[in-house]
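Structure first, then comments.
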Amino acid sequence: NNATKSCNFTETGLKNGTTKNIIENVKWYLGGVTGSANNNYYATATSKLYYIYERGLNGRFVVNRGNPTEWVGKVGMVYASDYGFATSGDKTNESFNREKCLVLPLLSWVNDYKIYCVQNDWMFDSSNQWSLTPTQYTVMPISYIGIVGYVDYIPYFAYRIYPSLYLKAITQIISGNGTYEEPYIIK
């Protein structure tokens with residue numbers, strides 16, 4: 001029926017007006033991190049620090065070659081901080097819980113016991129992907145092993161790009177459980 005539409009994307013954008021109308025027009029922050037041999041901010045950046053860098057809450061924006069610091073639109077990409085905050089950690093072992101993961105730099109998540117941060121991150125899918133978070137020369141990658149951090153990759157490499165969007169508050173879930181087999185049906 002017309003009241004329940006799924007989000008359908010095409011090469012040229014959203015497929016229908018109903019879908020477009022449930023997506024909020026929001027401000028996407030384009031601040032990021034920088035790094036060099038002397039100041040590897042990304043090497044020590046936790047989920048919270050990425051959030052601060054992305055929004056320029058540290059008093060300055062680091063943007064790629066003078067680009068804007070924000071953009072308003074309906075569809076963007078995931079932030080590096082989104083990936084970090086998506087972990088639940090190990091719910092059965094207090095030493096590897098979510099709070100522990102959130103205070104660790106995202107670049108170190110695969111070292112030693114920190115693999116629990118990656119294995120329990122709902123955004124992790126063992127593929128390389130780009131984030132919206134810029135660096136001095138490119139954008140911050142999320143690697144296939146689950147770490148976030150600058151490496152000498154160029155954006156034309158085969159990295160996935162996941163769209164990210166905000167649904168309007170009036171949007172309702174009609175059915176489904178959010179899995180591939182039973183996606184959410186919303187109106």
Side-chain angles (χ1 to χ4, degrees), residues 7 9 13-14 23-89 98-111 114-168:
C7 291
F9 291 92
L14 297 171
I23 300 173
E24 193 71 62
N25 209 29
V26 297
K27 184 186 298 184
W28 297 90
Y29 295 95
L30 305 176
V33 297
T34 187
S36 69
N38 298 326
N39 60 356
N40 291 330
Y41 297 116
Y42 60 86
T44 59
T46 62
S47 302
K48 184 177 180 179
L49 282 175
Y50 270 110
Y51 181 88
I52 289 168
Y53 295 150
E54 291 157 354
R55 285 150 185 80
L57 299 175
N58 58 340
R60 64 185 181 90
F61 269 102
V62 173
V63 294
N64 189 351
R65 299 186 183 152
N67 287 330
T69 59
E70 58 190 46
W71 172 77
V72 175
K74 290 186 177 270
V75 180
M77 292 172 24
V78 299
Y79 291 106
S81 63
D82 291 336
Y83 173 76
F85 286 126
T87 189
S88 62
R98 183 173 193 269
E99 290 73 29
K100 179 69 173 175
C101 293
L102 293 180
V103 298
L104 296 171
L106 297 180
L107 188 60
S108 72
W109 269 19
V110 294
N111 298 340
K114 300 165 194 161
I115 192 71
Y116 293 101
C117 303
V118 173
Q119 289 174 343
N120 297 299
D121 191 307
W122 68 265
M123 292 183 79
F124 175 68
D125 76 351
S126 68
S127 67
N128 293 319
Q129 60 182 294
W130 293 116
S131 73
L132 183 61
T133 309
T135 67
Q136 190 171 356
Y137 301 107
T138 184
V139 291
M140 191 60 66
I142 302 169
S143 81
Y144 70 97
I145 60 174
I147 60 172
V148 175
Y150 178 75
V151 287
D152 281 334
Y153 294 126
I154 301 171
Y156 60 74
F157 284 169
Y159 274 50
R160 292 182 181 186
I161 297 173
Y162 291 108
S164 182
L165 52 87
Y166 293 82
L167 297 176
K168 290 184 177 177

If you apply the rule side chain to side chain contact (heavy atoms under 4.5 Å, CB included), what do you find for Tyr51 with Tyr29, and how did you get there? CA-CA 10 Å; Tyr51 181 88; Tyr29 295 95; over 6 Å; no
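The shortest non-hydrogen separation linking Asp121 to Trp109 is OD2-CZ3, 3.4 Å. When all heavy atoms of Val103 and Thr46 are compared, the pair lying nearest together is O-CG2, 3.5 Å. When every heavy atom of Val118 is checked against every heavy atom of Ile145, the shortest pair comes out as CG1-O, 3.8 Å. Residues Tyr50 and Thr133 share a closest heavy-atom pair of CD2-CG2, 4.2 Å. When all heavy atoms of Gln129 and Met123 are compared, the pair lying nearest together is NE2-O, 3.7 Å. Tyr159 approaches Pro141 most closely through the heavy-atom pair CE2-CB, 3.7 Å.
Remark: Lys27 pairs with Glu70 by the salt bridge (charged side-chain N to carboxylate O under 4.0 Å, His left out) rule, at least two apart or across chains. Applying the side chain to side chain donor-acceptor pair (under 3.5 Å) test to Tyr162 and every residue at least two apart in sequence or in another chain returns Asp125, Arg160.
Residue Tyr144 holds its OH atom at 12.0 Å from OG of Ser127, rounded to the nearest 0.5 Å. Going from atom CD1 of Ile161 over to atom CG of Asn128 covers 12.5 Å, rounded to the nearest 0.5 Å. Going from atom CG of Leu167 over to atom NZ of Lys74 covers 10.5 Å, rounded to the nearest 0.5 Å. Distance CG/Leu132 to CG/Leu30: 5.5 Å, rounded to 0.5 Å.
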Distance-only criterion, 3.5 Å: show the donor-acceptor pairs between side-chain atoms of residues 81-88 and protein atoms not counting sequence neighbours.
{"unit_1": "Ser81", "atom_1": "OG", "unit_2": "Glu54", "atom_2": "OE1", "d": "2.6"}
{"unit_1": "Asp82", "atom_1": "OD2", "unit_2": "Tyr79", "atom_2": "N", "d": "2.9"}
{"unit_1": "Tyr83", "atom_1": "OH", "unit_2": "Gly146", "atom_2": "O", "d": "2.8"}
{"unit_1": "Thr87", "atom_1": "OG1", "unit_2": "Gly89", "atom_2": "N", "d": "3.1"}
{"unit_1": "Thr87", "atom_1": "OG1", "unit_2": "Cys117", "atom_2": "O", "d": "2.8"}
{"unit_1": "Ser88", "atom_1": "OG", "unit_2": "Asn120", "atom_2": "O", "d": "3.2"}

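Using a 4.5 Å heavy-atom cutoff, the side chains of Ser47 and Leu106 are in contact.
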